[in-house]
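Since the structure comes first, as structure tokens, the remarks are kept for the end.
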Protein chains: 2
Amino acid sequence: MSTRDQIVEAADGLFYEQGFAHTSFADVAGAVGISRGNFYYHFRTKDEILDAVIARRVEATRAMLARWEEESGDPAGRIRCFIRILVANGGKIAAFGCPVGSLTAELAKLGHAAQAEAGQIFTLFRDWLRAQFEALGFAAEADGLAMYLLSRSQGAAVLGSAFRDEAYLRREADDLCAWLDAKLSPTRKD
Amino acid sequence: MSTRDQIVEAADGLFYEQGFAHTSFADVAGAVGISRGNFYYHFRTKDEILDAVIARRVEATRAMLARWEEESGDPAGRIRCFIRILVANGGKIAAFGCPVGSLTAELAKLGHAAQAEAGQIFTLFRDWLRAQFEALGFAAEADGLAMYLLSRSQGAAVLGSAFRDEAYLRREADDLCAWLDAKLSPTRKD
DNA sequence: GCTGCTTTAGGACAATCGTCCTAGGGCCGT
DNA sequence: ACGGCCCTAGGACGATTGTCCTAAAGCAGC
């Protein structure tokens, strides 16, 4: 792996675990094991690293959504893949929150120009979820349902990390799956 | 108002609008219009200011809950007071997110000792909401409903600020009110 | 074996960080 | 009028910040 990729990967993790403002050049350089001079050769400013980290996350999100598209045949199964992030990444979410939500929140406070780019990852999820709901027959409702799922997930991530409660994240994921099942079987509502 | 109170008030606002890590002594001193030397007389460390800000927020939250207790006679109306924060503070939430959620999230990333104290504000809301639901007859369900409302509010705040969409916050508040009404009238579920 | 480009290391730079000290106003009781 | 205490101003401190420069190592093609 190239030095540049190592830097972006280390910065990605550090931005997630300790925030963008609280992560310094020295932190990233130390994590990679290179000198600050070498660092400056690849990224001249902190904002450049942030842009690269966001681009990396966007690409990783795209790849993940595409993988779900392959692995799961039906749209409902794909939506369950999304819900399961809360469980699969439960440990990190309980400790550091949602990577997307916490970064956009921090950039919004900093008034940073890259906030719009970071928020684009939300749009990625939103559009993908809406497409799944549309495939399930929820034409006009689809975007609202996508936003509902996004919102519930973000709320769960915030409270899960505030209370440092991984079990709560599992319960929320189960509850969301139950909500999805109820939406799919219009015979009876709980 | 005493200088100390002015400092805490200014720090409260700055921590909310630009984050704890990104707010310096100079920022707060500048906002109040005093010298850093004077500042140091009232607070010796940054953590002391943070503790004072959290204590102020806890107190303000307690007072707000008590006010709702007086103003609204029935528990359902009190819960609607909670939901209405999303609308009343919509402008600031769309810009900076939820003060409670964003602070606890930041302190969790920083591994700061005060994170538990900041999260206590969530507990304040949680217990108060649970009491309202218990008064409405939801005995065993009450805590789950309280967490549901908290989670939905936090999710709305995160997405509202990510998309900078104040109208979305209003729609979410309306949706939560409708959810509450449906919960209260067991005759029919939407 | 020399040349030239990419990559690296290590330090210098001004600015700012949190923290701390000291000198001196302002106001008190006497 | 005066000694004593609360409050304030202003600057100093070492460390760290983001940024930048320079010298040299590694490696390509000729």
Side-chain angles (χ1 to χ4, degrees), chain A residues 1-56 102-103 106-115 117-118, chain B residues 1-56 102-103 106-115 117-118:
Chain A
M1 188 165 53
S2 74
T3 302
R4 190 196 147 93
D5 289 341
Q6 280 182 282
I7 292 176
V8 176
E9 184 182 25
D12 192 344
L14 287 172
F15 288 175
Y16 177 34
E17 296 186 3
Q18 43 180 320
F20 171 69
H22 197 247
T23 299
S24 68
F25 274 69
D27 289 335
V28 184
V32 181
I34 61 172
S35 66
R36 278 163 301 148
N38 187 8
F39 198 110
Y40 181 72
Y41 173 76
H42 295 283
F43 296 98
R44 312 187 85 76
T45 70
K46 206 179 174 184
D47 290 351
E48 279 185 25
I49 315 175
L50 178 61
D51 288 340
V53 166
I54 293 176
R56 175 191 154 96
S102 57
L103 181 64
E106 183 179 1
L107 296 182
K109 277 184 198 295
L110 267 53
H112 200 288
Q115 195 251 359
E117 282 193 82
Chain B
M1 188 166 51
S2 74
T3 302
R4 190 195 147 93
D5 290 341
Q6 280 183 283
I7 291 176
V8 177
E9 185 182 23
D12 193 344
L14 286 172
F15 288 175
Y16 177 36
E17 296 186 2
Q18 43 180 316
F20 172 69
H22 197 248
T23 299
S24 67
F25 274 68
D27 288 335
V28 183
V32 181
I34 61 171
S35 67
R36 277 163 301 147
N38 186 10
F39 198 108
Y40 181 72
Y41 174 77
H42 295 282
F43 296 98
R44 314 186 84 77
T45 69
K46 204 178 174 183
D47 291 350
E48 278 185 26
I49 314 175
L50 179 60
D51 288 340
V53 166
I54 293 175
R56 175 191 154 96
S102 57
L103 182 63
E106 184 179 1
L107 296 182
K109 278 186 198 293
L110 267 52
H112 200 288
Q115 195 251 358
E117 281 194 82

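As a basis for the values below, the full set of heavy atoms in this structure was taken, side chains included, without hydrogen atoms, waters or symmetry mates. Predicted model, so just to flag it, every value in this text is computed and none were measured. A note on names: the letters A, B, ... follow the listed sequences, proteins ahead of strands, and every chain is numbered from 1.
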Q) Using Watson-Crick and G-U wobble pairs with both distances under 3.5 Å, what is the 5'-to-3' dot-bracket string of DNA chain C, with [ ] for crossing pairs and | for pairs outside the strand? A) ||.||||||||||||||||||||||||.||
Quick one: is [N] close enough that its OP1 or OP2 comes under 4.0 Å of any side-chain N or O from [X]?
{"X": "H42(A)", "N": "dT8(C)", "result": "yes"}
{"X": "S24(B)", "N": "dC17(C)", "result": "yes"}
{"X": "Y40(A)", "N": "dT19(D)", "result": "no"}
{"X": "Y41(A)", "N": "dT8(C)", "result": "no"}
{"X": "T3(A)", "N": "dT8(C)", "result": "yes"}

Q.
I'd like to check F20(B) versus V53(B) (side-chain heavy atoms, cut-off strictly below 4.5 Å). Are they in contact?
A. no
Q: Check whether any side-chain heavy atom of E9(A) sits under 4.5 Å from a side-chain heavy atom of M1(A), and report yes or no.
A: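 A side-chain contact exists here, since the closest heavy-atom pair is under 4.5 Å.
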Q) Can you tell which of dA12(D), dA9(C), dA9(D) lies closest to the side chain of I34(A)? A)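 Comparing dA12(D), dA9(C), dA9(D) against the side chain of I34(A), the answer is dA9(C).
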**Q.** Of the listed nucleotides dA9(D), dG10(C), dG18(D), the one nearest the side chain of N38(B)
**A.** dA9(D)
To the nearest angstrom, how far is [X] atom [atom1] from [N] atom [atom2]?
{"X": "H22(A)", "N": "dG18(D)", "atom1": "NE2", "atom2": "C1'", "result": "15 Å"}
{"X": "K46(B)", "N": "dC20(C)", "atom1": "NZ", "atom2": "P", "result": "15 Å"}
{"X": "R36(A)", "N": "dC21(D)", "atom1": "CZ", "atom2": "C1'", "result": "13 Å"}
{"X": "F25(B)", "N": "dC13(D)", "atom1": "CZ", "atom2": "P", "result": "19 Å"}
{"X": "L50(A)", "N": "dG18(D)", "atom1": "CG", "atom2": "C1'", "result": "14 Å"}
{"X": "R44(B)", "N": "dC17(C)", "atom1": "CZ", "atom2": "P", "result": "21 Å"}
{"X": "D47(A)", "N": "dT17(D)", "atom1": "CG", "atom2": "C1'", "result": "14 Å"}
{"X": "F39(B)", "N": "dC7(D)", "atom1": "CZ", "atom2": "P", "result": "16 Å"}

Q) So, N38(A) versus S35(A): side-chain donor-acceptor pair below 3.5 Å or not? A) no
Q. Between L14(B), I34(B), D12(B), which is the residue that forms a side chain to side chain contact (heavy atoms under 4.5 Å, CB included) with V28(B)?
A.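 Single pass found, and it is L14(B).
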Q. Checking all strands, does S2(B) fall into the base, sugar-phosphate, or nothing category for heavy-atom contacts under 4.0 angstrom?
A. nothing
Q: Could you check S35(B) against T45(A) and say which one's nearest nucleotide on DNA chain D is further toward the 5' end?
A: S35(B)
Q.
If you count heavy atoms of other groups shown closer than 6.0 angstrom to CZ of R36(A), is the number above 12?
A.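 No.
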Q | E117(A) side chain vs D51(A) backbone, donor-acceptor pair below 3.5 Å | A | no
Q | Check: S24(A) main-chain N/O paired with D27(A) side-chain donor or acceptor under 3.5 Å | A |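 Judged by distance alone, yes, a pair lies under 3.5 Å.
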